[in-house]
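What follows is one structure encoded as structure tokens, with my remarks underneath.
So that the names make sense, note that chain A is the first sequence line, chain B the second, and so on, each numbered from 1. Heavy-atom basis, side chains included; hydrogens, waters and symmetry copies ignored.
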Amino acid sequence: MHTGVSIIDYNSIDRHWQEEWDRAKIFEANLSDKPPFMVTAAFPYVNAPHHIGHLRTYGTADLLARYKRMRGFNVLFPMGFHGTGTPILAFAKRIRENDAELINEFKIFHIPEEEIRKMTDPEYIVEYFAKEVENGMRRTGLSIDWRRKLVSIEPIFSKFIEWQFKVLDENGLLVRGDHPVGWCTNENNAVGSHDTRHDMEPEIEEQTAIKFKVEGEDASLACSTYRPETLFGVTNLFVKDPAIYALCTVNGEKVYLAKEAAKILKSQMDLEIQSEIPSSEILKKRCVNPLTGEAVPVLPGFFVRESMGTGIVMSVPAHAPFDYAAIQRLEQSGYPVHALPPKKVIDVQIGRSLSDVSEGEAKPSQTEVPSLAYLEILHTGPNAINDMLEFATKLQYREESHWGKMAVKGYEGMGEPEARERITKLLIDGNEAFKIYIIGNAPVVCRCGTEAIVKIIKGQWFLNYGDEKWKSAAREVFAKMDVKPDKLRKTFEAAIGWLNLRAVARAQGLGTKFPLDRNFMIESLSDSTIYMALYTFIHHIRGVDANKLIPEFFDYVLLGKGDAEAVSKATGIEYETVNRARESFSYWYRETSRHSGADLVFNHLTMYIFNHSIIFGKEYWPKHMVVNGSVLSEGEKMSKSLGNIIPLEEGIERYGADPIRIAVIAGADLYSDSEFSAAAVNGIKERIEYLNGIIDGIDNYQTSELKKVDYYLYSVLNRKVDSATRHMESLELRDASTEILYNSVIELKRYFKRGGANGIVIKDFVQSVVLMLQPFAPHVAEELWHNLGNGTLASLERWPALNKELIDEKAERLDNLVDEACEDIKRSLSLMAKKGNRAPKEIRLIVASDWKRDAANRLAETRKASDVIDAVSSGNGGVGKEKIADYVAKIAKRLNEVRRIDISQEEEFSSLKEAEDYIAKECGAKASVEKEGESDSQRADRSAPMKPSIEIRF
RNA sequence: GCAGGGGUGGCAGAGCUUGGUCAAAUGCGACGGGUUCAGGGCCCGCUUCCUUUAGUGGAUUCGUGGGUUCAAAUCCCUCCCCCUGCACCA
């Protein structure tokens with residue numbers, strides 16, 4: 001008998017089969033007559049070894065590669081490493097500075113100290129981690145053709161990227177312009193999130209600075225605001241007091257700003273500080289609203305910040321709780337305010353998004369001063385704490401911009417966003433205002449300790465993804481692409497529409513020099529949009545001097561321009577090599593599938609589509625794209641700082657490569673995050689080991705004539721093949737693995753419980769399961785395949801074919817009948833037990849007569865009870881008409897539930913009869929089956945087709 | 001704010017494209033029982049409420065509030081809430 005479970009030494013079978021694969025070179029893909037299928041995954045950035053989360057993308061890609069191989073494709077799965085950009089440089093610098101935090105992080109991965117010491121050299125970092133990552137991938141059993149390995153900082157790669165940028169430039173897609181960036185004035189460098197403390201991304205927001213002419217002076221106060229449309233409601237201006245302000249020249253005009261603000265804005269515009277002036281002087285001025293012509297006073301505002309915007313704000317008490325509160329507080333303190341009265345400029349139903357307001361429980365007592373009304377419905381007032389005012393501000397802002405209508409002449413009824421746009425344009429065109437940028441999530445602090453500001457970079461190089469021709473080409477590529485999951489289509493369409501200018505040149509970083517200005521480097525996402533094409537032939541040009549890789553070479557290989565002989569002459573590269581490169585590219589690039597994690601949708605993947613659309617011919621456009629979710633550990637994303645990382649190699653050693661593969665790749669739907677847990681891995685191992693146990697003991701089963709259970713198992717097997725294949729085709733990997741691993745084990749157990757024991761049937765079943773398991777668990781599959789007596793490699797076998805003939809719906813229904821009968825018996829028993837009945841002595845099942853089936857079938861067709869009664873009684877001499885009428889009347893009550901039944905009494909009977917022992921065991925009493933018409937049971941009449949009557953004796 | 005995704009039973013998570021067979025798959029957890037020492041494992045049952053002296057019948061459920069329909073978790077509209085991205089960062 002089978003043992004059910006046996007222990008597998010995963011690490012040793014992993015090693016063994018990896019060696020076998022290497023020896024047989026089965027993943028080295030060469031041109032052939034078979035249809036090509038090329039799978040690429042976003043190459044990893046090599047600044048650390050991988051953890052099990054990285055396996056999600058690479059494992060999913062590998063799974064597809066392995067599956068497609070089994071489906072008869074010639075599959076190429078290459079891999080490379082990304083080292084471009086600044087992080088690795090920054091890394092080397094931190095190592096040089098002996099950064100304790102960083103060195104601590106490395107301890108998670110057990111990196112030897114002497115290696116860390118060598119990492120002051122950025123190129124060594126790339127070399128070291130590329131090796132580490134490759135090693136991890138090999139140990140995971142990824143079916144990669146390692147001959148094609150490349151690194152993004154090697155000369156061949158750079159030559160290729162230079163060619164790419166030449167093509168982009170020829171298409172007019174490289175443009176220059178000004179661009180705001182987060183900036184550190186101390187290091188004189190742009191700051192991204194990895195340059196800041198707590199990895200904060202500087203969020204750059206646009207504000208409008210509106211000029212209020214000072215009465216009696218040739219100068220203005222510049223107020224910064226997000227809401228120029230509220231200009232109609234300005235009652236005064238606010239400045240910080242005490243504070244230092246400054247008279248500046250901005251583009252030749254005199255403008256007052258807070259001194260701190262002026263220092264920051266210097267990096268955005270032509271601005272000079274002329275003289276300093278205390279806030280007390282500013283407070284004496286009166287200024288003119290450029291839109292209404294009204295003169296308003298300047299007041300001290302408790303909430304004004306000198307470094308935010310211009311350090312001066314306009315006061316709109318009707319629409320800004322802070323402004324209203326500030327004025328109230330000034331009045332309370334006896335300050336001579338003299339501001340204009342609050343003026344409502346936007347109408348909205350106050351508090352409509354709050355439930356207690358919309359239900360009428362809290363209504364403001366007035367609506368003429370909306371900001372006060374907002375404070376009121378929040379049960380507070382002008383003296384509220386700042387957090388409360390902040391909350392009221394957000395609520396009011398949201399409701400007004402969402403539903404508000406302008407209540408000002410010329411703009412009546414207009415929505416706020418539209419009014420804002422128009423008024424802003426009006427002001428800027430009339431030189432009454434100018435744009436400024438601020439850090440929205442300030443303070444963002446650079447690692448050096450300086451607070452970041454916004455700087456406008458002049459003459460920056462951009463890749464113009466906003467170009468309409470380019471966009472429509474990208475849309476065309478995308479329209480023809482197959483995307484998984486399909487629900488991402490809209491997201492991609494949005495991303496294609498949204499992508500605009502992208503700065504491509506950087507002052508520093510590893511990688512390729514920017515061809516149009518060699519003082520700059522190509523930015524690191526822009527150099528990895530079409531590199532997959534390089535995999536198709538890079539192993540053919542490995543020995544070639546990179547300097548020979550002039551544009552003519554790539555023009556020919558990738559675009560088919562010119563001919564091999566001429567190119568060979570022009571480049572000095574051997575004719576054979578040129579030729580082979582072109583052949584390889586044009587073979588492999590016909591059918592490609594691109595894989596990455598969900599985080600790359602809005603940048604890499606979309607740029608990938610764009611770049612392919614403009615550079616390659618239609619036949620080489622990408623065909624498939626697959627986006628996967630990530631892996632969570634204890635509900636959290638894995639991160640070094642959280643310390644919840646499981647390094648890949650450590651995980652493999654602990655759990656074995658295959659259980660981890662299944663847990664990570666098939667633990668959730670393709671696009672959902674999967675939760676990694678030891679419990680899940682154990683569940684997987686249990687099933688694997690159950691299958692292993694069956695195979696170990698398979699010789700104990702004799703081969704004999706097929707019984708009902710056997711037909712049933714064949715039927716179920718083919719159903720599994722069918723649905724597993726469907727799931728694999730649409731990469732519903734969780735469903736596929738459930739079907740293959742979990743459900744097959746359930747079916748096997750059920751088979752044995754029913755008394756199934758036919759050796760050949762079991763073997764057929766298990767063989768198919770093992771093959772379908774191969775893409776998920778290749779090492780285990782090889783081992784089990786081998787243990788089943790096969791001399792071939794499972795990795796090279798064909799995916800099990802569906803044999804539709806063996807799907808026997810009737811067999812399955814008859815089998816289910818047994819389970820349903822048991823369920824009914826048990827339900828009755830438990831109900832009886834509640835009433836105090838003892839254990840049952842005997843269970844009798846009575847199978848309904850054929851005339852009942854006849855009646856049901858007729859009723860299903862004609863739907864007329866009286867006709868059915870006549871027809872059935874005339875054809876069934878032995879049964880009384882009254883009995884028939886009773887039965888028909890009963891089922892006719894639920895006419896629309898009546899279905900055709902094509903299973904006879906005899907079939908139903910023999911199926912149950914064969915399962916008598918099983919039923920007895922399940923229900924805990926002797927069980928017998930008899931036929932209605934031959935039974936003397938009182939309850940025989942109650943039997944219905946597929947629902948035998950049950951009589952229980954106690 | 002803009003864009004995309006999402007809100008389902010104790011939790012996780014299907015189903016919603018093609019309305020009914022959905023009180024809602026599956027897994028986990030909890031509870032009860034068995035497996036005749038405990039624990040684990042395994043097996044069985046149960047896990048909205050009521051009802052049923054035998055396998056039953058009914059009510060109320062799928063973020064909120066409306067609507068369409070003989071019929072809605074599933075279609076339409078509204079609002080609320082959550083997640084992700086928003087660019088020079090790989």
Side-chain angles (χ1 to χ4, degrees), chain A residues 4-5 42 44-45 47 82-88 179-182 190-196 199 201-205 226 352-355 358-359 394 397-398 401-403 417 420 440 457 460 462-463 465 486-495 497-506 509 523-526 528 598-604 607 635 667-669 671-673 675 677 679-680 683 686 732 734-735 738 742-743 749 753 820-837 840 896-897 899 922-924 939 942 947-952 954:
Chain A
V5 170
Y45 192 74
N47 61 352
H82 199 197
T84 315
T86 50
I88 287 178
H179 186 60
V181 296
V191 288
S193 62
H194 65 278
D195 303 309
T196 64
D199 285 341
E201 179 74 40
E203 289 170 17
I204 295 171
E205 287 178 4
Y226 288 108
R352 67 176 279 188
S353 60
L354 300 176
S355 60
S358 57
E359 282 157 22
K394 284 197 172 135
Y397 184 36
R398 191 181 61 201
S401 67
H402 206 158
W403 302 296
R420 178 176 310 156
I457 309 275
Q460 168 71 281
F462 295 96
L463 212 38
Y465 289 106
D486 192 58
K487 67 175 173 187
L488 243 41
R489 287 209 90 84
K490 271 202 236 162
T491 306
F492 273 107
E493 279 158 14
W498 164 86
L499 210 59
N500 200 349
L501 296 173
R502 184 176 180 93
V504 288
R506 288 300 125 78
E523 174 271 330
S524 62
L525 281 189
S526 300
S528 50
D599 51 335
L600 297 185
V601 168
F602 270 85
N603 42 58
H604 168 72
M607 290 160 68
D669 287 340
Y671 191 62
S672 314
D673 292 342
E675 175 75 35
S677 70
E686 260 167 39
E732 290 153 1
R734 193 185 73 129
D735 292 339
T738 304
Y742 287 73
N743 293 349
K749 287 184 177 176
K753 249 168 81 174
E820 282 162 21
C822 286
E823 229 170 79
D824 282 349
I825 295 165
K826 285 175 187 166
R827 195 166 302 162
S828 297
L829 285 174
S830 75
L831 200 56
M832 301 292 282
K834 270 193 228 164
K835 307 296 175 192
N837 268 298
N896 48 5
E897 286 174 22
R899 298 275 180 277
E922 281 290 296
C923 303
R939 298 174 60 87
R942 296 174 59 101
K947 203 157 179 67
S949 174
I950 300 163
E951 180 170 343
I952 303 169
F954 294 90

In terms of heavy-atom contacts, A:Ser528 and A:His604 come closest through O-CE1, 3.0 Å

* Going by heavy atoms in the side chains, are A:Ile952 and A:Ser828 under 4.5 Å from each other? -> yes

Of the listed B:A90, B:C86, B:A14, the closest approach to the A:Trp498 side chain comes from B:C86

Closest to the side chain of A:Asp824, out of B:G45, B:G55, B:A90, is B:G55

At under 4.0 Å between heavy atoms, what does A:His604 touch on the DNA or RNA strands: base, sugar-phosphate, or nothing?
nothing

B:C44 phosphate, OP1 or OP2: any side-chain N/O from A:Lys753 under 4.0 angstrom?
yes

- Item | Span that lies between the C1' atom of B:C46 and that of B:A30, in whole angstrom | 10 Å

B:G15 to B:C22 separation - C1' atoms, rounded to the nearest Å:
9 Å

A:Glu205 CD to B:A87 P, in whole Å, measures 10 Å

Separation of B:G5 atom P from A:Asp669 atom CG, nearest Å, is 17 Å

Scanning all shown strands, the Watson-Crick or wobble mate of B:C2 with both distances under 3.5 Å is B:G85

Checking B:A3, B:A90, B:A87 against the side chain of A:Asn603 (C-beta onward), the nearest is B:A90

**Prompt:** OP1, OP2 of B:G5 versus side-chain N and O of A:Lys490: anything below 4.0 Å?
**Reply:** yes

At 4.0 Å (heavy atoms only), tell me whether A:Thr84 reaches a base, stays on the sugar-phosphate, or touches nothing.
sugar-phosphate

From CZ of A:Arg502 across to P of B:C89 the rounded distance in Å is 9 Å

RNA chain B nearest-nucleotide lookup for A:Arg942 and A:Leu488: closer to the 5′ end is A:Leu488

Q | Separation of the P atoms in B:G63 and B:U69, to the nearest angstrom | A | 23 Å

CD of A:Glu951 to CD1 of A:Ile825, rounded to nearest 0.5 Å, is 12.0 Å

Whole-Å distance, A:Arg939 CZ to B:U56 C1', equals 12 Å

Closest of B:A90, B:C79, B:U56 to the A:Lys947 side chain is B:U56

Closest heavy-atom pair, A:Pro180 versus A:Ile204, reported as atoms and distance to 0.1 Å, is O-CD1, 3.7 Å

Heavy-atom closest pair (A:Tyr742 atom, A:Gly683 atom, distance to 0.1 Å) is OH-C, 4.1 Å

How far does the P atom of B:C43 sit from the matching atom of B:C28, given to the nearest Å?
10 Å

pair A:Arg502-A:Leu525: side-chain heavy atoms closer than 4.5 Å | yes

Of the listed B:A90, B:G4, B:A54, the closest approach to the A:Glu951 side chain comes from B:A54

>> Taking the P atom in each of B:U74 and B:U8, what is the distance between them to the nearest angstrom?
In response: 14 Å

* Does a side-chain N or O from A:Arg398 land closer than 4.0 Å to OP1 or OP2 of B:C79, or not? -> no

To the nearest angstrom, the CD1-P distance between A:Ile952 and B:A54 comes to 11 Å

Rounded distance in Å between the C1' positions of B:A71 and B:U56: 24 Å

**Asked** Using atom P of each nucleotide, how far apart are B:A73 and B:G7 to the nearest Å?
**Response** 15 Å

Any side-chain heavy-atom pair of A:Phe602 and A:Thr491 under 4.5 Å = yes

- Message: Please report the distance separating the C1' of B:G66 from the corresponding atom of B:C82, rounded so that it comes out in whole Å.
- Response: 23 Å

- Message: Taking only side-chain N and O atoms of A:Ser524, does any of them lie within less than 4.0 angstrom of OP1 or OP2 on B:A90?
- Response: yes

Shortest non-hydrogen pair, A:Gly667 vs A:Arg734, comes out as O-CD, 4.0 Å

Any base atoms under 4.0 Å from A:Ile204, or only sugar-phosphate, or nothing? Heavy atoms, all strands. nothing

The nucleotide from B:G1, B:A90, B:G5 with an atom nearest the side chain of A:Lys487 is B:G5

Per atom distances to the A:Glu686 side chain, the nearest of B:G13, B:C42, B:A54 is B:C42

Ranking A:Tyr671 and A:Tyr397 by the position along RNA chain B of their nearest nucleotide, the one closer to 5' is A:Tyr397

Per atom distances to the A:Pro87 side chain, the nearest of B:G45, B:A90, B:A25 is B:A90

note: A:Leu600, atom CG; B:A90, atom P; distance rounded to Å ~ 12 Å

Checking B:G55, B:A90, B:A3 against the side chain of A:Ala494 (C-beta onward), the nearest is B:A3

Checking N1-N3 plus N6-O4 or O6-N4 for Watson-Crick, or N1-O2 and O6-N3 for wobble, each under 3.5 Å, the partner of B:G20 is B:C70

Notebook entry, point to check: So what does A:Pro948 hit on the nucleic acid, given a heavy-atom distance under 4.0 Å: a base, only sugar-phosphate, or nothing?
Noted result: base

Separation of B:U56 atom C1' from A:Ile825 atom CD1, nearest Å, is 17 Å

Separation of B:G1 atom C1' from A:Lys394 atom NZ, nearest Å, is 12 Å

